[in-house]
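These notes concern the structure reproduced below.
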Amino acid sequence: MPLTKAVIVPGNGAGDVERCNWYGWARKQIIKIPDMRCLLKNMPDPVTARESVWLPFMEEELGCDEETVIIGHSSGAAAAMRYAETHRVFGIILVGAYISDLGDENERESGYFGRPWEWERIRGNVGHIIQFGSSDDPFLPWEEQQAAADGLQAKLHKYTDRGHFQNTHFPELIDAVQKLRAAA
């Protein structure tokens with residue numbers, strides 16, 4: 001299947017996603033890629049980011065399918081991984097991915113972390129797995145990010161100076177989407 005669409009799934013608490021972090025900027029860059037669409041919508045349940053709310057929204061409202069690359073940031077990365085356990089997608093690009101609730105009650109309430117990750121099923125349902133992480137992330141220990149990369153056998157882009165990727169521009173992400181589109 002060709003790559004025709006990118007869906008940006010933000011981190012929790014993002015508010016108006018079009019104006020938060022690099023999300024709106026990235027959407028504008030991705031739609032410049034020939035024959036590519038990009039969806040970015042405010043998520044329901046934006047603070048707790050419950051799996052039981054976000055995954056149906058990703059399927060029914062955002063239409064994540066075999067022609068979609070899901071770009072998930074933080075809680076959005078957890079949602080992308082869980083979605084890929086049971087759905088075929090063209091690819092996932094994870095930014096600030098992690099595998100546990102980090103001892104945080106809100107993360108625990110989200111529902112993503114109460115069972116083992118099904119790495120083999122994710123790899124079987126996803127054609128391309130790319131991950132961006134930074135060792136200076138103030139919220140995610142590097143070991144969490146590395147564990148996600150190891151389980152997914154992701155192509156990992158490791159930085160030492162990007163924190164939690166809350167900047168307003170993210171050109172490396174656009175490069176990754178362009179390369180996936182060219183390979184499709």
Notebook entry, point to check: So Phe113 and Trp117, would you call those rings parallel, tilted or perpendicular, with 30° and 60° as cut-offs?
Noted result: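 Phe113 and Trp117: perpendicular rings.
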Do the side chains of [Y] and [X] get nearer than 4.5 Å, heavy atoms only?
X	Y	answer
Asp150	Gln146	yes
Arg162	His157	no
Glu18	Leu40	yes

Notebook entry, point to check: Going by distance alone, is a donor N or O of one side chain under 3.5 Å from an acceptor N or O of the other, for Thr48 and Asn106?
Noted result: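 Yes, Asn106 and Thr48 have a side-chain donor paired with an acceptor closer than 3.5 Å.
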Nearest 0.5 Å, what's the [atom1]-[atom2] distance between [X] and [Y]?
X	Y	atom1	atom2	result
His87	Leu55	NE2	CG	7.0 Å
Lys158	Ser135	NZ	OG	5.5 Å
Asp137	Phe165	CG	CZ	7.5 Å
Ile70	Met81	CD1	CE	11.5 Å
Phe57	Arg50	CZ	CZ	15.5 Å
Glu60	Leu62	CD	CG	10.5 Å

Next item on the list: Applying side-chain hydrogen bond (donor to acceptor under 3.5 Å, both in side chains), run through Thr68 and Asp65 and close with a yes or a no.
Entry: CA-CA 5 Å; Thr68 303; Asp65 61 20; 2.9 Å; yes
Note to self: Under the criterion ring pair (Phe, Tyr, Trp, His ring centres under 6.0 Å), I'd like the reasoning laid out for Phe170 against Phe132: C-alpha separation, chi angles, the key distance, then a yes or no.
What the structure shows: CA-CA 11 Å; Phe170 192 177; Phe132 291 91; 5.0 Å; yes
What pair of heavy atoms forms the shortest contact from [X] to [Y], and how long is it?
X	Y	answer
Ala77	Gly96	CB-O, 4.4 Å
Ile71	Trp22	CG2-CH2, 3.9 Å
Trp142	Ser134	CZ3-N, 3.7 Å
Tyr112	Ser110	CD1-OG, 3.1 Å
Leu3	Met36	O-SD, 3.6 Å
Ser74	His164	OG-NE2, 2.9 Å

Note to self: Please determine whether side chain to side chain contact (heavy atoms under 4.5 Å, CB included) holds for the pair Phe139 and Gln166, giving the CA-CA distance in whole Å, both sets of side-chain angles, and the decisive distance to 0.1 Å.
What the structure shows: CA-CA 12 Å; Phe139 307 114; Gln166 294 175 301; 3.9 Å; yes
Quick check against the 3.5 Å criterion: does [X] have a side-chain atom that pairs as donor or acceptor with the backbone of [Y]?
X	Y	value
Arg88	Gly127	no
Asn21	Tyr23	no
Glu67	Lys5	no
Arg121	Thr86	no
Asn125	Ala84	yes
Gln131	Gln145	yes
Tyr83	Val89	no
Arg123	Gly151	yes

same_hphob_cluster([X], [Y]) at 4.5 Å side-chain heavy-atom cutoff:
X	Y	result
Leu180	Val126	no
Leu94	Ile122	yes
Ile130	Leu173	yes
Ile92	Val9	yes
Tyr98	Val47	no

Checklist line | Trace of the side chain to side chain contact (heavy atoms under 4.5 Å, CB included) decision for Ser100 with Glu107 | finding: CA-CA 8 Å; Ser100 79; Glu107 294 292 343; over 6 Å; no
Next item on the list: May I ask you to say whether Arg82 pairs ionically with Glu85, meaning some side-chain N is under 4.0 Å from a carboxylate O?
Entry: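 The answer is yes: the pair qualifies as a salt bridge.
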Note to self: Run the side chain to side chain contact (heavy atoms under 4.5 Å, CB included) test on Val17 and Ile8 for me, step by step, so that the C-alpha distance in whole Å, both residues' side-chain angles and the decisive distance to 0.1 Å come before the verdict.
What the structure shows: CA-CA 9 Å; Val17 294; Ile8 299 172; over 6 Å; no
Item checked: Candidate pair Ile30 and Ile174, rule side chain to side chain contact (heavy atoms under 4.5 Å, CB included), full reasoning -> CA-CA 7 Å; Ile30 292 168; Ile174 305 309; 3.8 Å; yes
Checklist line | Over 12 non-hydrogen atoms of neighbours within 6.0 angstrom of CD in Glu120 | finding: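 No, not enclosed.
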Checklist line | Asn42: partners by side chain to side chain donor-acceptor pair (under 3.5 Å), with sequence neighbours left out | finding: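 So Asn42 forms no side chain to side chain donor-acceptor pair (under 3.5 Å) with any residue.
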